[in-house]
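Every number for a ligand or one of its atoms is a count from 1 in the order of the listing. Values reported hereafter were calculated over all heavy atoms of this structure, with side chains retained and with hydrogens, waters and symmetry mates removed.
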Amino acid sequence: MTLSRKPLKGMRELTPGEKRIEDYIIKRLRVAGAAYGFEEYETPVLEPLDLFLAKSGNELAVKQSYNFTDKGGRKLIMRPELTPSLARMVAASGELIYPVKWMSFPVCYRYEKPQRGRAREFMQFNLDILGVDGLEAELEVFLVLKRIMNSLNASPGQYVIRYSSRRLASEILESCGMTEEEIAQAFAVIDKKDKIKPDEWEELVRKTIKDERNADTIISFTSCSDPDAPWLAEAAGGSKAYVEIVRFRGMLKDAGILEAQFEACVVRGLDYYTGIVFEVMDSGGINRRAICGGGRYDNLVGMFGGQKVTGVGFGLGLLTLELFLETYGLIPDGISGKHPADIFLAVYSDEERTFAVNLAEKLRDFGVSVEIDITGKNLSKQFKIADRKSIGYIAVIGPEEVASGRITIKNMSSGTKTECEISGIPQILADKNLCGEAN
Ligand code: HAM
């Protein structure tokens, strides 16, 4: 039987070139979070199923998850998201200094149909603030998002941060007399609004929400793109959630976050959200999946008993972000092909090997990344290897170099050669801005 050469459908398998692109993105996400004082944390991939049943809801924890019973009879889940684990960790840590500002890069698992922007195994960047009840937390999270997009050279016209309020939507639906269960149903339908054609969606609303007036309310509410829209101002004007959203709009404007846009139809799919919810979308509409989704969740931590701690944050998909960057040509040329080694040391014969290995070690001590020949092939084959790996510089260590202590470094792209004392190599690579260059 021949084994398949393909990984399981939808699983994450990255070549070094693809990983370099992902690392380019991860680095910018980490730097953006650190700029606001966020610290990194980790949680387990494998979790009790109950945790996610209670926190993420049936749809994600059962229908869209990898769950199974282990050899000890425990019902487990491969985490489909991170927030319930974060809430548990915060509830269990007695001595946290609030506000807690944490970030993480979990690999998550969802049993979904793999398609563009949707995988079964995917990495998220999560960033959350816990212990702040006011909108200052939301504002800071939006600022981080803007900084992330800036640092990836995305311009404001290419993306939009769409936001709304689950509390506002609940208030409006409650005022029509809808029950909690009907409101949950309504949220699930509203969440599909941008995923299907407008007429199909309206049909779905009318099919799911039997009361015609309630269906009309949902359709009118979700078409509002401005808190001042007359329908909305009349339906909700003066309510707590309405006042909050108007205030938040002002805060965003004052902070210069002009890429934020109110869209009443944003509710996000997770039932634990209680307040402002948001998503980052490609404004060109080429990538239809949200690059990031998040919101305020005021009751998650408290559900573990003990102190009530409010939270706000987001999960950003590395895959969706990368597709967005690719669409707009924002992944710098050459990243995937850039080999980590600064220089390749070709070894003329076994006579020079010890000298060459010791030299390579010294250079590494200076922070130079060195790949040295370990194949024992002839020089022309070694050159070919260095060339195919696109290593920027090459130097040969032969009898003359050993005797004189001087070598010639060749720049592989320009062909120019520089002769120098061996001790001068780190300086030469540094001058060329290559030694230890960050992506
Ligand atoms: P979510 O909206 O389920 O939220 O996912 C957040 C982001 O993860 C999505 O916008 C998307 O970029 C990415 N994502 C989700 N599923 C997939 C998939 N199958 N393949 C690739 N990317 C995917 C949450 O997960 C919340 N826990 C986020 C959060 C953190 N809210 C507050 N704090």
Side-chain angles (χ1 to χ4, degrees), residues 9-12 22 25 29 33 38 41 43 47 51-52 55-57 59-61 63-66 77-90 100-130 132 137-138 140-142 144-145 148-149 159-163 166 187-188 191-192 194-195 266-282 287-301 309-325:
K9 211 164 137 190
M11 292 292 138
R12 210 172 97 85
E22 189 184 82
I25 298 171
L29 296 172
F38 285 81
Y41 69 102
T43 70
E47 288 280 19
L51 174 67
F52 285 81
K55 312 292 173 198
S56 309
E59 174 79 11
L60 192 55
K63 285 200 206 149
Q64 285 181 12
S65 80
Y66 283 85
I77 185 170
M78 308 270 285
R79 64 176 171 210
E81 58 150 337
L82 192 68
T83 318
S85 310
L86 167 67
R88 178 193 55 210
M89 220 171 143
V90 169
V100 163
K101 293 168 64 170
W102 284 1
M103 59 179 172
S104 194
F105 291 88
V107 173
C108 299
Y109 298 82
R110 293 188 191 180
Y111 200 81
E112 295 189 83
K113 191 168 168 220
Q115 51 199 289
R116 185 175 165 85
R118 274 281 171 276
R120 289 182 169 169
E121 183 183 40
F122 57 96
M123 188 186 267
Q124 267 188 352
F125 171 57
N126 275 248
L127 180 136
D128 292 85
I129 300 178
L130 291 116
V132 177
E138 275 88 345
E140 185 156 303
V141 165
F142 275 49
V144 178
L145 279 174
I148 287 171
M149 298 309 273
Y159 71 95
V160 57
I161 312 178
R162 296 167 19 121
Y163 68 94
R166 268 210 173 214
F187 278 157
D191 193 43
K192 294 203 169 69
D194 293 326
K195 296 176 184 144
V266 175
V267 289
R268 302 302 304 162
L270 293 158
D271 288 340
Y272 52 66
Y273 291 131
T274 50
I276 298 226
V277 278
F278 53 90
E279 58 193 21
V280 176
M281 299 296 292
D282 172 356
N287 300 288
R288 303 187 63 81
R289 306 266 168 200
I291 297 168
C292 149
R296 172 170 283 277
Y297 47 96
D298 282 348
N299 305 322
L300 263 188
V301 179
V309 181
T310 59
V312 52
F314 64 78
L316 178 153
L318 276 279
L319 178 64
T320 43
L321 178 56
E322 190 179 325
L323 286 170
F324 167 83
L325 296 176

(request) Validate the cation-pi geometry between Arg120 and Tyr111: distance from NZ or CZ to the six-membered ring centre under 6.0 Å, angle to the ring axis within 45°. (result) yes
(message) Taking CZ in Arg116 as the centre, count heavy atoms belonging to other residues, nucleotides or ligands within less than 6.0 Å. Is the count above 12?
(response) yes
(message) Please tell me whether Arg79 and Thr43 have a donor and an acceptor in their side chains that are separated by less than 3.5 angstrom.
(response) yes
(request) Please name the pair of heavy atoms, one in Gly33 and one in Leu127, separated by the smallest distance, quoted to 0.1 Å. (result) CA-CD1, 4.1 Å
(message) Within the 4.5 Å heavy-atom criterion, are Met149 and Leu321 side-chain neighbours or not?
(response) yes
(message) So if I only count non-hydrogen atoms and take anything under 4.0 Å from ligand 1, which residues does that give, chain by chain?
(response) Glu81, Thr83, Arg110, Glu112, Gly117, Arg118, Ala119, Phe122, Gln124, Asn126, Asp128, Arg268, Leu270, Tyr272, Tyr273, Ala290, Ile291, Cys292, Gly293, Gly294, Tyr297, Gly313, Phe314, Gly315, Gly317, Thr320
(request) Classify the side-chain pair Thr83/Tyr297 by whether it contains a donor and acceptor separated by less than 3.5 Å. (result) no
